Amino acid sequence: MAKRLDNFVSLDPDEHALLARLTSERVRRSAARTDIVREGEPTHVLRLFLSGWACRYRTLEDGRRQILAFLLPGDLCDLNNYVLSELDHSIGALTPVQYVEIQHDRVAQLMADRPRLAQAFWWHMLTSLSIQREWTLNLSRSAFERIGNLFCELFFRLRAVGLTQGRRYDLPITQIEMAEATGLTPVHVNRTLQEMRSEGLIILKERVLDIPDIAALQQAVLFSPTYLHLRLAAASSSATMGARQVAESG
């Protein structure tokens with residue numbers, strides 16, 4: 001969690017220790033392909049994912065599922081539901097997952113006592129909303145661009161929390177789940193993956209994605225990581241620390 005929030009605000013050792021304690025309490029586990037919480041259920045807790053992959057999704061009346069977001073280690077889900085009485089979507093585990101449940105009153109106290117943590121939490125929420133807007137925009141792109149944008153986004157998000165291995169990362173989702181996340185059919189996803197392989201943009205084997213040249217993939221699918229706000233966050237944090245050091249020295 002600290003590594004994820006450090007993308008937004010530079011935390012001090014006391015704040016790191018506080019988060020370490022927080023993530024050791026009320027740890028829960030869910031098996032792969034099971035629901036963690038369902039649409040319509042009351043919201044009493046904030047969930048922080050420690051390991052594994054989950055997703056936010058909605059199910060249509062005819063049984064079709066639309067994945068609205070992938071939830072990765074370090075993600076908070078959902079800070080915006082802090083003020084809602086019930087969930088308007090479901091959260092499902094795609095792999096075995098571990099997560100922490102944090103009571104809403106604990107979150108409120110934490111944010112009141114620790115302004116920098118409050119800033120990091122809100123920045124996390126606003127970045128999640130920015131990602132959601134990008135996913136909406138993705139519907140206007142071609143299948144090739146949709147899949148490529150998803151792969152690039154996951155690369156940058158996983159790299160930010162130390163879960164890439166050079167140019168590779170684990171991709172434990174099926175082609176059906178890729179289809180549910182991009183508004184495509186599984187057949188269309190399969191054809192698109194073959195096209196990307198033939199152009200040398202990806203190597204996907206045994207659920208590990210290898211991107212030989214991330215810049216080339218970004219260019220081919222018109223991807224920009226700006227909406228993830230990782231550079232902006234780092235720059236803002238550095239500027240804040242610099243200003244604080246000048247003020248203290250003066």
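Note that this is a predicted model, so its numbers are computed, not measured. The basis for the numbers below is simple: all heavy atoms, side chains too, and nothing from hydrogens, waters or symmetry mates.
Interatomic distance, I203 CD1 to M196 CE, rounded to the nearest 0.5 Å: 12.5 Å. If you take CZ on R29 and CD on Q98, they are separated by 4.0 Å, rounding to the nearest 0.5 Å. The distance from the CG atom of L193 to the CZ atom of R197 is 5.5 Å, given to the nearest 0.5 Å. H124 contributes atom NE2, which lies 10.5 Å from atom CG of L129 (distance to the nearest 0.5 angstrom). Atoms CD and CG, from Q218 and D213 in turn, are 9.0 Å apart once rounded to the nearest 0.5 Å. Here L154 contributes atom CG and R159 contributes atom CZ; the two are 13.5 Å apart, rounded to the nearest 0.5 Å.
When side chains are defined from C-beta on, V208 does not count as touching L171, because their heavy atoms never get closer than 4.5 Å. Using a 4.5 Å heavy-atom threshold, the side chains of C77 and R56 count as touching. At a threshold of 4.5 Å between non-hydrogen side-chain atoms, the residues C152 and L217 count as touching. Looking only at side-chain heavy atoms (C-beta outward), L46 and Q103 stay at 4.5 Å or farther from each other. Side-chain atoms of L209 and R168, non-hydrogen and from C-beta on, never get closer than 4.5 Å to each other. Taking the side chain as every heavy atom from C-beta outward, R167 and I214 never approach each other to under 4.5 Å. No side-chain heavy atom of I202 sits under 4.5 Å from any side-chain heavy atom of D210. For the pair N190 and Q175, the minimum side-chain heavy-atom distance is below 4.5 Å.
Across every non-hydrogen atom of P115 and D113, the tightest pair is CD-O, 3.5 Å. Here the closest non-hydrogen pair linking S51 and P73 is CA-CG, 3.9 Å. Of all heavy-atom pairs spanning A160 and L230, the tightest one is CB-CD1, 4.0 Å. Of all heavy-atom pairs between H188 and A143, the closest is NE2-CB, 3.4 Å. Here the shortest heavy-atom pairing between W135 and L150 reads CZ2-CD1, 4.0 Å. Closest heavy-atom contact between R33 and P172: NH2-O, 3.8 Å.
Screening residues 121-146 for salt bridge (Lys or Arg N to Asp or Glu O under 4.0 Å), with sequence neighbours left out, gives E134-R141. The stretch residues 216-229 participates, sequence neighbours left out, in no salt bridge (Lys or Arg N to Asp or Glu O under 4.0 Å) pair at all.
Around the CZ atom of R28, the shell of radius 6.0 Å holds more than 12 heavy atoms that belong to other residues, nucleotides or ligands. Shown here is Q219, whose CD atom has no more than 12 heavy atoms of other residues, nucleotides or ligands within 6.0 Å.
Both L48 and V27 sit in one connected hydrophobic cluster of ILVMFWY residues. Membership requires side-chain heavy atoms under 4.5 Å apart, directly or through other members. If you chain together hydrophobic residues whose side chains sit under 4.5 Å apart, L68 and I176 never meet in one group.
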Next on the checklist: The test is side-chain contact (heavy atoms from CB on, under 4.5 Å); show your working for D75 and R157 and say whether it passes.
Outcome noted: CA-CA 10 Å; D75 283 346; R157 289 175 62 192; 2.7 Å; yes

Item to check | Working for side-chain contact (heavy atoms from CB on, under 4.5 Å), residues E177 and E180 | outcome: CA-CA 5 Å; E177 289 158 349; E180 291 172 336; 3.9 Å; yes

Checklist entry - Going through the distances and angles, do I211 and L201 end up as a side-chain contact (heavy atoms from CB on, under 4.5 Å)? => result CA-CA 6 Å; I211 304 176; L201 293 172; over 6 Å; no

Next on the checklist: Test side-chain contact (heavy atoms from CB on, under 4.5 Å) on V45 and I102; report intermediate values, then the result.
Outcome noted: CA-CA 5 Å; V45 297; I102 310 171; 5.9 Å; no

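Just one of I91, L71, L94 meets the side chain to side chain contact (heavy atoms under 4.5 Å, CB included) condition when paired with C55; it is L94. When each of Y99, F121, F49 is checked for a side chain to side chain contact (heavy atoms under 4.5 Å, CB included) with L76, only F121 meets the rule.
Both tests hold for R65 against Y57: distance to the six-membered ring centre under 6.0 Å, angle to the ring axis within 45°.
Distance alone, capped at 3.5 Å, places no donor-acceptor pair between the S130 side chain and the L126 backbone. Checking side-chain atoms of S30 against main-chain N and O of I36 turns up no donor-acceptor pair under 3.5 Å. Between the side chain of T164 and the main chain of L158, no donor-acceptor pair closer than 3.5 Å is present.
Ring geometry, F156 versus F223: the interplanar angle falls under 30°, so the pair is classed parallel (tilted spans 30 to 60°).
A search for side chain to side chain donor-acceptor pair (under 3.5 Å) contacts involving W53 returns nothing, not counting sequence neighbours.
Using a 3.5 Å distance cut-off with no hydrogens or angles, the side chains of E153 and N149 do not pair a donor with an acceptor.
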